[in-house]
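Quick caveat: nothing in here was measured; it's all calculated off a predicted structure. Below, chain A is the first sequence line, B the second, and so on; all start at residue 1.
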Amino acid sequence: MAARVARDIDNGAYVNLGIGLPTLVANHLPPDREIILHTENGLLGMGPAPAAGDEDPDLINAGKQPVTALPGASYFHHADSFAMMRGGHLDCCVLGGYQVSVAGDLANWHTGARDAIPAVGGAMDLAIGAKSVYVIMEHQTRNGESKIVERCTYPVTGLACVNRIYTDLAVIDVTPVGLVVIDMVAGLAFTELQRLSGVPMRDAMAAGPAE
Amino acid sequence: MAARVARDIDNGAYVNLGIGLPTLVANHLPPDREIILHTENGLLGMGPAPAAGDEDPDLINAGKQPVTALPGASYFHHADSFAMMRGGHLDCCVLGGYQVSVAGDLANWHTGARDAIPAVGGAMDLAIGAKSVYVIMEHQTRNGESKIVERCTYPVTGLACVNRIYTDLAVIDVTPVGLVVIDMVAGLAFTELQRLSGVPMRDAMAAGPAE
Amino acid sequence: MIDKTFACAADAVADIHDGATVMIGGFGTAGMPSELIDALIARGARELTIVNNNAGNGDTGVAALLKAKRVRKIICSFPRQVDSHVFDALYRAGEIELELVPQGNLAERIRATGAGIGAFYTRTGYGTLLAEGKETRMIDGRHYVLEHPIHADFALIKARYGDRWGNLVYRKTARNFGPLMAAAARCAIAQVHEIVALGELDPESVVTPGIFVRRVVEIPAPSGAAVAAPPVESHR
Amino acid sequence: MIDKTFACAADAVADIHDGATVMIGGFGTAGMPSELIDALIARGARELTIVNNNAGNGDTGVAALLKAKRVRKIICSFPRQVDSHVFDALYRAGEIELELVPQGNLAERIRATGAGIGAFYTRTGYGTLLAEGKETRMIDGRHYVLEHPIHADFALIKARYGDRWGNLVYRKTARNFGPLMAAAARCAIAQVHEIVALGELDPESVVTPGIFVRRVVEIPAPSGAAVAAPPVESHR
C-alpha cells in the first residue's frame, strides 16, 4: 500500500505522512522526484532515519522516532508548523484510518470505546488543511467488516475531507458522485471487491465517462 | 517634556516611543538604567542614530529614520512585533496626542478635517496594548484651546487607554476618580494650570488622600 | 528536482493579471521589492488592489506603480508621509480607493490568511472610526472587534538570501511584512540579493520556509550605492 | 542593568503556587524542561493545571509530575502513547481531568494569548466531538469553530542558548511549543544549555526575543549521555 501511495506523489510536492502505516510511504518515494516531507513537530525537509548511533533526541518526527534533516531543511515552532497545515500549504497528507464514509468523512482518532484514552494530535488539522488527503488502511477490519462505510460509526476526525483511499485491495477516489475505484490488486475482480465493501462503488476502468 | 518622561521609565522596561515628539525621549534615558526600546517595524533593542555615513536603509525605526541595534537586539516580522504590543508585553509606550479626555480616551491619528489624508500606523495597537500609555503633548493648541478635554472632538485612537499625560506645563495622571496633577513646571500655580485646562483636575500635592 | 528560481523579474511577474490583489512587502523602502514592482509596471497589469504598509515614498517602487495608474485600491496603515505626494494627489482627485487598517490588524489579517484562520477578535480599533460597522464582542470584560483575513493572488517581497527550494532569510528591519505575505498569497514571488546553494542556509535561521514561496529571482543589492538617509516621518 | 539569569532551577520556580496553570514545553521529550519540572516537583505546588502536547513519557519529566499527584488537570493533544502509563493509570482511576485539544488548536490558542487575540475561528475540529458545544460560524462557505486563548501563570521551556536579556535560540525540533508558551505565560522560565554574553546571539536568528522571558537558568546538556532512541509511537 505504501509503495502504491508513493507512486501518486508528484515531484515538488509538500507532504505530511501520519504516524504509523503512512510513515512507511517515505521508504518508497521515487528517487527521481524531489518530494519535501513536513513533520508537524517543526521540520520541513525531513530525511530518513539516521544511522544507528547517530540519533539525536532533539531531531524527531511526529511519531517521536529519530530522523534527519536534508539540505534545504528548516525548523520552526508549532504555530508556524500548523499554519502550513491549516493554511492549505501542504499538497498532500497521508493518514491512517478506522473508517472512511462515502462522503469522505474520516474516523481515525478515537474508537469511541468507553475505556479508550483518546488522543488526536494533528490529525484533525491535517484532515481539513492538506490540499489532498489520502487515507491508507486495510479494506476490512479483522472481523471482516468493511472500513469503507455509509456513515462513520466511530467519532469523526473531519467531515468530507478524504480525497482518496488506499487499501490492501484497491485505490478508491472520493468524488461528488460517490466512490470510484481507480485501481485494484492484480487478480481481484470488481464484483469481489464490491462484495467485500460496505457501500456501492463504481469501477472507473469498466465504466464509461462519469455521468 | 521628553526629559521628564524619561525620568519615569524604570530600569528593565520595554518601551515603544511613537513617531515625532516621543522619539526625543530616547535622548534623555538615564544612563544608569538599561531600558529596551521596541520599534514596531521589527526590532527590539534599538540603539541611537548611527554616525553620519553609517546609515543602513534596512535598519530604521517606525519613523523611517536610520537607527542602530544594540548588543542583545533581535529582529522579527510584523505579526511578532505587533504581538508584543497587542499581547500586553510592552511596559510602556509614549505617544503624541491631539487630545486626551478625562476618561483617558486618546485622539492622535486624524484631525477629522475633510481634506485630511488619514494615517494610523501602529497608534491604535499601542494605545490598547502597552501596560502604561503615556501621552506627550502641548497643554494647549496654538489657538489657546486646552488639549485636555471632557470628550475628544477629534476621532479617537483608543478608549480609556491613557495612563498619564506629559505637557509643557504639568504631569497628569488619568485615574478612576479623574485627572490628578502630580507635577508642574516650576513657578506655575495650580489655579493658573486649572485656568489653562479644559476640565477640572485635582492637585495631588495639595490634596489630602484620595477620596 | 525542485527549482523555484527565475532568470529575471519580468519572467517572475509575467502572469500577474488585471484586477489581481498583490501584497507588496516593505515598510517604507526597507524591504520594498523595487525591481519586482518595476517589472510589474512594465508588465502592464491594471486595476490592481495593493496591500502594503504605506502608499509609496517618493517616485519609485509603490509610488511609481501608483503614478502609472495601475492601482484601483490600496489597503495600508500609513499612507500619509512627507514623501507620499503621488498617493496624496491621486487620493485627493478621487482616483484611488483607500482601505485604512491599523498596522497590527494589517499584519494579523495577513497572517490569518496564511494560517487558515477564518476571522479573529482584536481589541485594536474598538470604538474608533476604523471599526465602524464591524461586529464586536465582549470577552472577559473587554471589547473586541471581529477582523477578517486579507487574501491575495500574489505577493512581491524582498529578502537577503534565497535558495532553489524558496527558503528565505531577510536583512534587519527589512524583514517586516515579508514572511506574512509569503504565507498569505497564492503565489509568493521573492527577489533576493543572492541565491545560495541548497543547504547553505542554516535550517535554524530560515525565516520563511520554502513551502510559502513559489518563485525566487536574484537581484543583487546595488554595490557601493550611496545610502541616502530617508526623510524624517511626519508626526503620528 | 537587566539580569534575568537565575542561579538554579529551584530559585527559578520558587513562586509557582498551588492551583497555578503551568505551560510546559516539549513534544514528547524533545524540548521538555526536565530539570525545571524536577524543581517544580521539589517545590511541592499542588492542584496544577498543565498545558503540554503530551501527558508524560516513561517516568520522568511531565510523567514524574503526574506521578507525584501534583496535577489536577492536563490540557494536551496526544496523551495516549506507548509509554504514557503514568497518565493512563491516573486517567482510568479518575484522578486527573483531561482537556483534549487538536494539536493545531493547542498551538494557535497558546499563540492567541501571547498575541492579544480574544478568540479566533478555525476549521479544525468542526463536526467532531472536540468541537461539541462550541460556537460555529460559516465564513465564505466553510464551517468554522470559535476557539479561545489558553492563559497561563507560568511557562517552563527549554532552549539551547540564552542571554541575560532572556533572548533564546532553540535546537532542531526541540523548538516546538517553546516560543509560543514563552509569549503566552505571565512568567516564562527557560532552562538553556548555555548562557552566553549579551550580543553573542545573532539578532537575525533569535527565535524568542527577551521581552517574552522572565527567567533563564543554565542547565548544561548531559555530556556524553547515551542518546536512547525513543519508543515508536502508536498508530494515530
Side-chain angles (χ1 to χ4, degrees), chain A residues 9-16 29-47 56 58-60 67-93 122 124-131 133 158 161, chain C residues 1-5 107-120 149-153 155 159 161-170 175 178-188 195-216:
Chain A
I9 299 179
D10 291 333
N11 181 57
Y14 290 93
V15 178
N16 183 297
L29 294 175
D32 60 334
R33 297 180 207 162
E34 204 170 27
I35 289 164
I36 301 182
L37 297 181
H38 170 262
T39 180
E40 60 256 43
N41 51 316
L43 167 62
L44 196 65
M46 180 171 66
D56 181 337
D58 286 346
L59 181 47
I60 58 176
V67 295
T68 51
L70 299 177
S74 51
Y75 298 110
F76 31 81
H77 61 55
H78 253 70
D80 284 348
S81 185
F82 279 78
M84 293 177 193
M85 299 154 74
R86 298 148 65 100
H89 305 281
L90 291 175
D91 293 295
C92 161
C93 75
M124 290 184 179
D125 303 291
L126 286 167
I128 60 93
K131 288 175 195 156
V133 174
C161 57
Chain C
M1 158 131 160
I2 299 167
D3 187 2
K4 299 183 180 178
T5 65
E108 193 71 18
R109 289 174 63 191
I110 296 170
R111 179 194 178 269
T113 302
I117 301 297
F120 60 89
I150 300 174
H151 298 280
D153 300 297
Y161 299 112
D163 64 25
R164 68 177 174 84
W165 277 14
N167 292 308
L168 301 180
V169 169
Y170 300 82
R175 183 183 304 193
L180 309 174
M181 291 179 170
R186 274 184 279 278
C187 175
I195 293 176
V196 300
L198 200 69
E200 277 195 28
L201 299 178
D202 179 356
E204 299 280 9
S205 304
V206 168
V207 175
T208 293
I211 192 171
F212 297 125
V213 177
R214 294 283 178 92
R215 303 171 188 170
V216 181

At a heavy-atom distance under 4.5 Å, which candidate from A/D91, A/I35, A/N11 has the highest pair count against chain C? A/N11
When A/I36, A/L44, A/D32 are compared by non-hydrogen pairs under 4.5 Å with chain C, the top option: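 The option with the most such pairs is A/I36.
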Go through the structure and list residues passing side chain to side chain contact (heavy atoms under 4.5 Å, CB included) with C/V169, not counting sequence neighbours.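 Applying side chain to side chain contact (heavy atoms under 4.5 Å, CB included) to C/V169 gives C/Y161, C/L201.
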Nearest non-hydrogen partners of A/V67 and A/L43, listed with the distance: CG2-CD2, 4.3 Å
Find the distance between CG (A/N41) and CZ (A/F82) and round it off to the nearest 0.5 Å.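 Those atoms lie 8.5 Å apart.
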Which one of C/E204, C/R111, C/K4 has the most heavy-atom pairs closer than 4.5 Å to chain A?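 The answer is C/E204.
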Are A/R86 and A/D125 within salt-bridge range, i.e. N to O under 4.0 Å? yes
